[in-house]
Trainee: 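Following this message is one structure expressed as structure tokens.
Chain letters run A, B, ... following the sequence lines, proteins first, then strands; residues in each count from 1. Because the structure is predicted, anything quoted here is derived from the model rather than measured.
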Amino acid sequence: MRKGRNMPLFPDEELDVYVFDTSAWVNAGLHRNSEKVWMTIIDLIGYRRVFTCSQVMIELKPDPIYERVKRYEKALLAHDGKLSDPEFLQAVGQITHDHPGMCKARGEKTPADPYVIALAQLENYIVVADEGTARRKSRKIPGVCQKLGICCRSLEEFITAEMRN
Amino acid sequence: MPEVQVNGKVLEWAREIRGLNLDDAAERLGISSSDLLNYESGATKPLVGLLRKMSAKYRINFSSLLMPEPLPPTKRPADHRRRFGRKRLSLETLVAIEEITEALEAFDDISSDVRSVVPRLRIGTAKLTDNPAEVAARERTRFGVSIDQQRKWHGLAHARINWRQRVEERGIFTYMIKLPYKELSGFSILHDDLAAICVNDSEPTEGAKIFTLFHEYCHLLLRNTGISDNNDKTRVERFCNHFAASFLIPKGELVGAISQSFGVVTPFEFSDADIKNLASWFRVSNRAIALRLERTGLAPAGFYAKRTGAWDIPSPPKPVVVDAKRQPSAVRIHLKKIGHLHASTVLEAVKRHAINSLDASELFGMQLRPTTVKSIEAALG
């Protein structure tokens with residue numbers, strides 16, 4: 001880990017903590033400054049400022065970025081204990097119920113979206129999602145986050161905020 | 001493993017939207033019906049492991065089982081089935097309906113952003129008071145396929161591929177999914193200006209699948225979609241059958257083929273071999289020919305039932321010999337299922353940056369790696 005970057009200057013300084021959605025990981029791998037972006041993410045993982053959830057890892061599996069992300073799996077999935085936490089599961093269920101379009105509530109597959117949002121909601125984290133425009137606003141993570149009062153950034157916004165340091 | 005606080009009513013909802021009764025569901029889960037009832041009544045709280053099993057066996061999203069309340073019921077497609085009775089729709093059929101509805105909604109979303117990516121429906125309309133044979137003649141002109149062209153197709157499988165392509169050219173997404181045989185022949189869905197036809201790929205012959213394709217096409221013309229079994233008991237189904245038969249086997253052409261090949265005075269008691277010959281002539285099923293002969297008065301009344309009765313006697317299934325070298329690729333098998341229009345629309349949406357690769361893989365139903373995309377493009381021609 002490189003020292004001196006993305007560290008709080010003062011002990012009581014509150015820094016943003018992020019939870020990455022699948023789309024953000026995929027686009028991080030495709031970014032024109034992929035290596036630089038990746039180094040920043042690794043730094044932040046070391047400082048426990050970037051997390052994800054196991055549902056995202058499942059979705060990522062077929063993507064080339066998966067192997068890279070997997071190396072940091074233990075740190076990234078530090079919150080996975082929550083998968084048996086009643087409060088977390090309740091939040092996932094509530095999000096699924098209130099946003100059945102995004103969560104494909106009548107469908108077969110379980111998308112990672114409600115897990116990412118529930119984690120951000122309970123831990124007061126920022127969601128990083130880089131979804132395409134294919135779905136209606138009400139069916140996309142940014143739209144749902146906005147409705148729930150959760151901060152959500154695109155990958156580019158995340159890069160702008162973290163790489164200026 | 002921890003217990004989870006779930007609403008029993010949600011578990012009951014999940015079971016019911018998949019068309020499972022208590023006993024069927026309990027059997028799938030490997031528990032007793034009374035145990036399942038206890039979970040659904042809230043008397044017992046399930047462990048996470050059971051919920052995961054329920055999600056897998058009911059083929060429903062795990063997070064849906066965690067919802068505080070069931071979702072409101074959605075409108076299911078109308079059920080036009082009568083032939084084998086209106087038995088409960090199987091889990092496979094309900095999932096297929098859900099998947100295709102979801103795909104149409106996704107295409108609708110894409111078209112709201114980049115309109116030109118998704119083809120619009122380009123078909124006429126029909127009313128039940130119309131003459132189905134006239135509607136068929138009109139649509140046949142619209143399709144621009146002559147009988148000579150139809151006859152040049154090499155057998156029924158080739159005819160099915162060609163007809164499917166022609167239907168997709170009208171902006172209709174077509175799917176071929178293996179669903180329980182004798183439950184339904186197919187279904188059609190209309191979602192705003194987008195339409196889909198699903199043909200049951202378990203239908204016994206390619207000819208039957210072609211017939212169902214046009215039966216469902218007629219449902220779309222009537223703007224009266226739903227689940228069909230091509231029965232002759234309801235007015236809508238009769239109309240669609242009449243349309244499909246007239247479309248595929250125009251009366252004038254049938255009369256011409258008979259006078260050319262048989263030179264008999266009609267109505268005539270055609271033999272099984274005659275029927276087979278005519279079916280081969282028009283690249284349709286034997287049943288379609290038998291039905292059409294009777295309906296057009298070229299065969300005596302009762303001819304269809306008499307001829308096909310013997311065909312309905314079940315015979316033991318033939319052993320399937322799998323030649324690994326001649327097996328189509330996974331991409332081709334999947335393309336047959338989802339249709340070329342669905343696949344090309346997804347690829348076009350990616351190229352136009354309307355969706356990202358993740359959305360594309362999800363919508364395609366298969367992981368889209370660069371090599372897979374190349375195979376798809378090659379298969380699409």
Side-chain angles (χ1 to χ4, degrees), chain A residues 21-27 29-30 55-56 58-66 81 83-118 129-140 155, chain B residues 1-7 10 13-14 17-18 48 51-52 55-56 58-72 74 94-95 98-99 101-102 105-110 112-114 117 346 349-350 353-363 365-370 372:
Chain A
D21 173 48
T22 318
S23 54
W25 288 118
V26 170
N27 284 354
L30 298 172
Q55 287 73 20
V56 168
I58 294 168
E59 288 185 358
L60 268 185
K61 243 176 199 169
D63 197 273
I65 197 82
Y66 175 73
L83 286 176
S84 51
D85 174 356
E87 196 190 355
F88 179 72
L89 294 176
Q90 199 183 340
V92 170
Q94 189 71 52
I95 293 165
T96 306
H97 180 266
D98 296 346
H99 305 280
M102 177 188 74
C103 301
K104 300 188 169 49
R106 291 182 179 85
E108 186 175 0
K109 286 179 191 148
T110 304
D113 301 13
Y115 294 89
V116 169
I117 296 173
D130 227 20
E131 296 201 304
T133 52
R135 292 191 275 171
R136 264 166 267 177
K137 206 177 173 192
S138 63
R139 291 172 157 243
K140 288 194 283 187
L155 182 70
Chain B
M1 230 181 268
E3 279 181 359
V4 187
Q5 293 294 319
V6 290
N7 183 348
V10 172
W13 164 84
I17 65 162
R18 290 298 188 248
V48 175
L51 285 184
R52 296 233 175 260
S55 162
Y58 293 4
R59 295 177 65 185
I60 194 157
N61 183 341
F62 174 75
S63 69
S64 301
L65 300 175
L66 305 170
M67 295 190 304
E69 290 293 331
L71 292 176
T74 49
L94 292 167
V95 170
E98 184 60 43
E99 279 178 352
T101 305
E102 180 70 34
E105 284 176 5
F107 288 138
D108 197 20
D109 288 352
I110 292 169
S112 66
D113 278 338
V114 190
V117 169
V346 173
V350 180
H353 305 290
I355 55 173
N356 61 26
S357 61
L358 282 172
D359 287 334
S361 295
E362 192 185 312
L363 203 44
M366 201 175 182
Q367 190 53 43
L368 291 179
R369 297 167 193 272
T372 322

Trainee: Roughly how far apart are B:Ser64 OG and B:Leu71 CG, rounded to 0.5 Å?
Mentor: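 Spacing of OG (B:Ser64) from CG (B:Leu71) equals 7.0 Å.
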
Trainee: Counting only heavy atoms closer than 4.5 Å, note whether A:Pro114 contacts chain B via side chain, backbone, both or neither.
Mentor: side chain

Trainee: Check whether B:Glu98 gets within reach of chain A through its side chain, its backbone, both or neither, counting any heavy atom under 4.5 Å.
Mentor: side chain

Trainee: Do the side chains of A:Lys104 and B:Glu362 get close enough for a salt bridge, i.e. N-O under 4.0 angstrom?
Mentor: yes

Trainee: Quick one: OH on A:Tyr66 to CH2 on A:Trp25, what's the gap to the nearest 0.5 Å?
Mentor: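 One finds 12.5 Å between OH of A:Tyr66 and CH2 of A:Trp25.
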
Trainee: Quick check on the interface: out of B:Ser361, B:Pro72, B:Ala360, who has the most heavy-atom pairs with chain A under 4.5 Å?
Mentor: B:Pro72

Trainee: By a 4.5 Å heavy-atom criterion (distance strictly below it), what part of B:Glu99 contacts chain A: side chain, backbone, both, or neither?
Mentor: side chain

Trainee: Which value, rounded to the nearest 0.5 Å, describes the distance between B:Gln5 atom CD and A:Gln90 atom CD?
Mentor: 8.5 Å

